[in-house]
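The structure under discussion appears below in the form of structure tokens.
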Amino acid sequence: MVCILLWWILKVLTLSALLKMTLSLNPDDPNVCSHWESYAVTVQESYAHPFDQIYYTRCTDILNWFKCTRHRISYKTAYRRGLRTMYRRRSQCCPGYYESGDFCI
């Protein structure tokens, strides 16, 4: 399940990068400025979830047919949704310039 989610995230990021390359300003243009932008991505992550495991052992308790109940904490893999902060570089026209197609004028 995690592999499928990671595959979809990679596919979306690749597609958005390709679209950005075809529909964006040229970062080598002297009138184009850039800045880093953060954004949140929802991901599914695994974690160790504790639970009380009951087991039985032999003992000297004659009233319980020589069987005693014991407890121990065990862990199982569980999943939860989490937020990850990602960063991307954004291009925009420098102050005093406006965007016209793929150029800053």
Side-chain angles (χ1 to χ4, degrees):
M1 184 70 169
V2 174
C3 290
I4 293 171
L5 180 64
L6 290 175
W7 179 79
W8 273 104
I9 290 172
L10 183 60
K11 189 172 183 175
V12 168
L13 290 175
T14 303
L15 181 60
S16 66
L18 288 173
L19 285 173
K20 184 98 173 119
M21 285 174 23
T22 59
L23 300 173
S24 65
L25 299 171
N26 181 2
D28 295 329
D29 185 339
N31 302 328
V32 174
C33 295
S34 64
H35 66 280
W36 286 100
E37 174 182 82
S38 64
Y39 61 100
V41 176
T42 302
V43 295
Q44 187 170 353
E45 58 189 10
S46 63
Y47 69 101
H49 181 72
F51 68 96
D52 182 27
Q53 184 177 29
I54 299 171
Y55 66 100
Y56 303 95
T57 61
R58 292 182 188 247
C59 64
T60 58
D61 187 357
I62 195 168
L63 297 176
N64 285 320
W65 297 94
F66 304 104
K67 187 169 80 171
C68 292
T69 304
R70 298 283 184 251
H71 296 265
R72 69 177 152 221
I73 301 297
S74 291
Y75 297 88
K76 61 183 175 182
T77 301
Y79 298 91
R80 62 183 170 209
R81 289 183 179 248
L83 282 178
R84 292 278 186 262
T85 301
M86 306 290 281
Y87 297 91
R88 62 183 160 218
R89 194 169 188 89
R90 285 289 184 154
S91 296
Q92 64 187 33
C93 292
C94 294
Y97 295 88
Y98 65 91
E99 192 171 335
S100 176
D102 292 344
F103 301 99
C104 291
I105 300 171

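In what follows, every heavy atom counts, from backbone to side chain, and hydrogens, waters and symmetry copies are set aside. We count residues from 1, following the sequence as given.
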Completion exercise
Hits for side chain to side chain donor-acceptor pair (under 3.5 Å) against Ser74, two or more places apart or cross-chain, chain-then-number order -> Gln53
Exercise for the section: Scan side-chain atoms only and decide if Thr42 and Arg81 contain a donor-acceptor pair under the 3.5 Å cut-off. Expected result: no
Exercise for the section: Taking all non-hydrogen atoms of both residues into account, name the closest pair between Cys93 and Phe103 and its distance. Expected result: SG-O, 4.5 Å
Handout entry: Residue pair Ile54 / Thr69: nearest heavy atoms and the distance that separates them
Key = CG2-CG2, 3.6 Å
Problem - For the student: nearest non-hydrogen atoms of Thr77 and Ser46, plus distance - result: CG2-CB, 3.9 Å
Practice task
To the nearest 0.5 Å, tell me how far Cys104 SG sits from Leu25 CG.
Solution key: 4.5 Å
Fill in the blank from the handout: Rounding to 0.5 Å, atoms CZ (Arg72) and CZ (Arg70) come to a distance of 11.5 Å
Practice task
Measure the spacing between NE2 of His35 and CZ of Arg89 and express it to the nearest 0.5 Å.
Solution key: 9.5 Å
Completion exercise
In this structure, CD of Glu45 is separated from OH of Tyr79 (nearest 0.5 Å) by 11.5 Å
Fill in the blank from the handout: Value for CD1 (Ile105) from OH (Tyr97), rounded to nearest 0.5 Å, stands at 11.0 Å
Practice task
Evaluate whether the separation between SG of Cys94 and SG of Cys33 stays below 2.5 angstrom.
Solution key: yes
Problem - Within one Ile-Leu-Val-Met-Phe-Trp-Tyr cluster: Met86 and Val43, side-chain cutoff 4.5 Å - result: yes
Completion exercise
Rounded to the nearest 0.5 angstrom, the NZ-OH distance for Lys76 and Tyr47 is 9.0 Å
Residues 55-62 side chain polar contacts: donor-acceptor under 3.5 Å, at least two apart:
{"residue": "Asp61", "atom": "OD1", "partner": "Leu63", "partner atom": "N", "Å": "3.2"}
{"residue": "Asp61", "atom": "OD2", "partner": "Asn64", "partner atom": "ND2", "Å": "2.8"}

Exercise for the section: Indicate the atoms forming the closest heavy-atom contact of Ser38 with Tyr87, along with that distance. Expected result: CB-CE2, 3.5 Å
